[in-house]
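I have placed the structure first, in the form of structure tokens, so that the comments after it can refer back to it.
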Amino acid sequence: MSFTKSHLAKCVTVAAGLGLLVAGAGIAQADPSGAPAYRQLAGVGSDTTQGVMNALSNAVTLGGQKVIGSYDAVGSPTINTKSTAACQGLTRPNGSGAGRTMLLNELNKNNNCLDFSRSSSLNLAAATPGLTYVPFAVDGVTYAVSAGSSLPLDLAVSDLHAIYSCDPGFVGTAPNYSVHPLLPQAGSGTRSFWETTVGITEADVVAKKYPCISDTKGGKPIEEHDGRVLDPTSLVPFSIAQYIAQSSGTLADLRGTAQLGNINGVPSLLLNTGAAATRDVYNVIPSSKVATSPWSDVFVGGNALICQQSAVITQYGFGVNKNCGDTSRTTG
């Protein structure tokens with residue numbers, strides 16, 4: 001591989017990053033629990049933000065009652081989002097793209113089964129009905145490698161582009177690649193963001209233009225932010241917020257031996273407004289509901305109930321978003 005000596009610099013220690021955490025956090029539940037059983041605002045989608053949204057569903061109340069129902073990306077095959085028969089036994093969607101698709105499908109059925117979706121990427125492609133992407137936090141994304149890996153813990157974006165483009169000077173030649181770049185499952189917001197970050201396209205990945213890339217492990221799709229898929233020859237994108245929250249026990253620890261690398265020399269284990277590759281994370285709501293309660297109370301504007309929960313947001317490893325509640329990003 002054509003790495004320079006500067007790329008052998010070690011990343012900042014986990015201990016330094018953990019100093020930014022809020023102590024005493026417990027692992028959030030997987031799906032809504034407690035009263036009321038069915039919440040006014042039911043949402044699905046992103047794995048990246050499910051933990052913090054689960055916590056916010058317990059912290060945010062309107063008229064003394066919990067109003068957010070956040071359903072995990074992975075779990076039982078089906079979910080029950082409202083008491084009506086139409087909203088029982090819905091297929092659980094996995095990821096930002098699948099969550100958006102399901103939200104649109106349910107809105108078009110006009111059965112009130114879903115009210116928002118979680119998204120870790122921005123997709124303003126035309127949609128009917130129109131959707132508004134409302135930011136509420138900031139995440140950073142970097143790459144992770146396993147302990148003992150020969151891959152450097154400091155890479156430039158140009159290096160990452162070469163690796164994910166399957167440049168033989170970086171990954172070797174088929175079929176015995178010396179480096180194995182990994183991507184999460186199709187439809188993942190982190191996958192979409194990472195492809196943009198490293199300068200490749202989903203269309204080219206699907207067309208097998210980059211044969212060294214894999215999005216499966218042991219025949220199963222790779223889930224986001226699960227370091228257990230790594231071996232000494234592989235790397236995978238990883239949410240810094242997820243890594244921080246897993247490190248502290250706020251979320252279930254799926255890191256395995258994963259350690260985060262730095263991009264362009266910027267330390268990764270920071271609250272994520274300072275990371276090299278940052279992204280807004282969103283709740284996606286029907287554009288027609290922007291001025292309608294409870295959507296307007298919970299999601300919209302700088303004083304939205306979610307935006308008032310900065311302690312919860314940072315507890316889960318995310319940075320505070322100065323544009324929290326902004327409604328300017330719409331699908332038209």
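Since this is a predicted model, take the numbers as computed values, not measurements.
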key: Between CD on residue Glu202 and OG on residue Ser192, distance to nearest 0.5 Å   = 7.5 Å

inquiry  = Given 3.5 Å as the limit, does a donor-acceptor pair link the side chain of Ser165 with the main chain of Ala162, or not?
reply    = no

query = Would you call Arg92 and Asp72 a salt bridge, using N to O less than 4.0 angstrom?
reply = no

message = Between Asn94 and Glu223, is there a side-chain heavy-atom distance shorter than 4.5 Å?
response = yes

request  = Report yes if some heavy atom in the side chain of Val205 is under 4.5 Å from a heavy atom in the side chain of Tyr210; otherwise report no.
outcome  = yes

Heavy-atom pair of closest approach, residues Leu160 and Val198 = CB-CG1, 3.8 Å

message = So, taking the atom named NZ in Lys66 and the one named CG in Leu41, what distance separates them when rounded to the nearest 0.5 Å?
response = 14.5 Å

task = Return the orientation label for the Tyr164 and Trp194 ring planes: parallel under 30°, perpendicular over 60°, tilted otherwise.
result = perpendicular

inquiry  = Within the structure provided, determine whether Pro135 and Cys324 are in side-chain contact (heavy-atom separation under 4.5 Å).
reply    = no

Reported NE2-to-NZ distance for the pair His180 and Lys217, which is rounded to 0.5 angstrom = 8.5 Å

task = Describe, in one word, how the ring planes of Phe136 and Phe318 are oriented to each other, choosing from parallel (under 30°), tilted (30 to 60°) and perpendicular (over 60°).
result = tilted

Check: Asn112 main-chain N/O paired with Lys82 side-chain donor or acceptor under 3.5 Å = yes

query = Just wondering, do Thr81 and Tyr38 contact through their side chains at under 4.5 Å, heavy atoms?
reply = no

ask   = Regarding His225 and Thr48, is there a side-chain donor-to-acceptor distance under 3.5 Å anywhere?
value = yes

query = What pair of heavy atoms forms the shortest contact from Ser120 to Ser96, and how long is it?
reply = N-OG, 3.0 Å

inquiry  = Checking Asn264 against Val157 for the side chain to side chain contact (heavy atoms under 4.5 Å, CB included) test, could you report, in this order, the C-alpha distance in whole Å, the side-chain angles of both residues, the deciding distance, and whether it holds?
reply    = CA-CA 7 Å; Asn264 292 342; Val157 171; 3.6 Å; yes

key: Main-chain N/O of Phe193 paired with Thr197 side-chain donor or acceptor, under 3.5 Å   = yes

note = Val74 and Gln50 have their tightest heavy-atom pair at N-OE1, 4.5 Å

request  = Verify side chain to side chain contact (heavy atoms under 4.5 Å, CB included) between Ser239 and Ile244, making sure each step is shown before the conclusion.
outcome  = CA-CA 9 Å; Ser239 158; Ile244 290 173; over 6 Å; no

request  = Pick out which of Arg191, Lys208, Lys220 makes a salt bridge (Lys or Arg N to Asp or Glu O under 4.0 Å) with Asp215.
outcome  = Arg191

request  = State, to 0.1 Å, how close Ala59 and Gln309 come at their nearest heavy-atom pair, and which atoms those are.
outcome  = CB-OE1, 3.7 Å

message = So Val67 and Thr61, do their side chains get closer than 4.5 Å, heavy atoms only?
response = no

message = Taking the ring of Phe299 and the ring of Phe116, is the distance between their centroids below 6.0 Å?
response = yes

query = Would you say the side chain of Val179 lies within less than 4.5 Å of the side chain of Thr233, judging by non-hydrogen atoms?
reply = no

key: Pair Lys322 + Asp280: basic N to acidic O under 4.0 Å   = no

message = Whether the side chain of Asp167 engages the backbone of Ile163 through a donor-acceptor N/O pair (distance < 3.5 Å, no angle test) should be reported.
response = no

Donor-acceptor pair, side chain of Ser119 and main chain of Asn283, under 3.5 angstrom = no

ask   = Atom NZ in Lys209, atom OG1 in Thr201: separation rounded to 0.5 Å?
value = 7.0 Å

message = Return the CD to CZ distance between Gln65 and Arg39, rounded to the nearest 0.5 Å.
response = 8.5 Å

ask   = Do Gln185 side-chain atoms and Pro221 backbone N/O form a donor-acceptor pair below 3.5 Å?
value = no

remark   = To the nearest 0.5 Å, atom CG of Asn105 lies from atom CG of Asn111 at 10.0 Å

remark   = Joining Ile, Leu, Val, Met, Phe, Trp and Tyr whenever any side-chain heavy atoms lie under 4.5 Å apart, the cluster holding Val229 also takes in Leu182, Ile222, Leu230, Val236

task = Might you point out which heavy atoms bring Gly172 and Tyr177 nearest each other, and give the distance in Å?
result = O-CD2, 3.7 Å

message = If hydrophobic residues (ILVMFWY) are linked whenever their side-chain heavy atoms come closer than 4.5 Å, directly or via other members, who joins Leu104 in its cluster?
response = Val44, Tyr71, Ile79, Leu90, Met102, Leu103, Leu107, Leu114, Leu122, Leu124, Leu131, Tyr133, Tyr282, Val284

request  = Give every residue pair that meets the disulfide bond (SG atoms under 2.5 Å apart) criterion with at least one member in residues 33-84, sequence neighbours excluded.
outcome  = none

task = Verify side chain to side chain contact (heavy atoms under 4.5 Å, CB included) between Leu56 and Val298, making sure each step is shown before the conclusion.
result = CA-CA 10 Å; Leu56 288 168; Val298 172; over 6 Å; no

message = Could you go through Val300 and Ile285, starting from their C-alpha distance and side-chain angles, then the distance that decides it, and tell me whether this counts as side chain to side chain contact (heavy atoms under 4.5 Å, CB included)?
response = CA-CA 10 Å; Val300 176; Ile285 65 175; 4.1 Å; yes

task = Determine whether Pro181 and Ser234 make a side-chain contact, defined as any pair of heavy atoms from C-beta on separated by less than 4.5 Å.
result = no

request  = Give a yes or no answer on whether the side chain of Asp204 reaches the backbone of Ala207 with a donor-acceptor pair at less than 3.5 Å.
outcome  = no

query = Are any side-chain N or O atoms of Ser149 and backbone N or O atoms of Val145, one a donor and one an acceptor, separated by less than 3.5 Å?
reply = no

inquiry  = Is there a path of hydrophobic side-chain contacts, each under 4.5 Å between heavy atoms, that joins Leu254 and Tyr316?
reply    = no

inquiry  = According to a hydrophobic-cluster definition based on side-chain heavy atoms being under 4.5 Å apart (Ile, Leu, Val, Met, Phe, Trp, Tyr only), do Val320 and Val281 belong together?
reply    = no

Side-chain donor or acceptor of Thr78 paired with backbone N/O of Thr91 under 3.5 Å = no

remark   = Correct closest heavy-atom pair for Gln246 and Ala252 would be CG-O, 3.3 Å

key: Atom CG of Asn108: over 12 foreign heavy atoms under 6.0 Å   = yes

query = Is any side-chain heavy atom of Thr278 closer than 4.5 Å to a side-chain heavy atom of Asp139?
reply = no

message = Donor-acceptor pair, distance only, cut-off 3.5 Å: does the side chain of Gln259 make one with the backbone of Ala144?
response = no

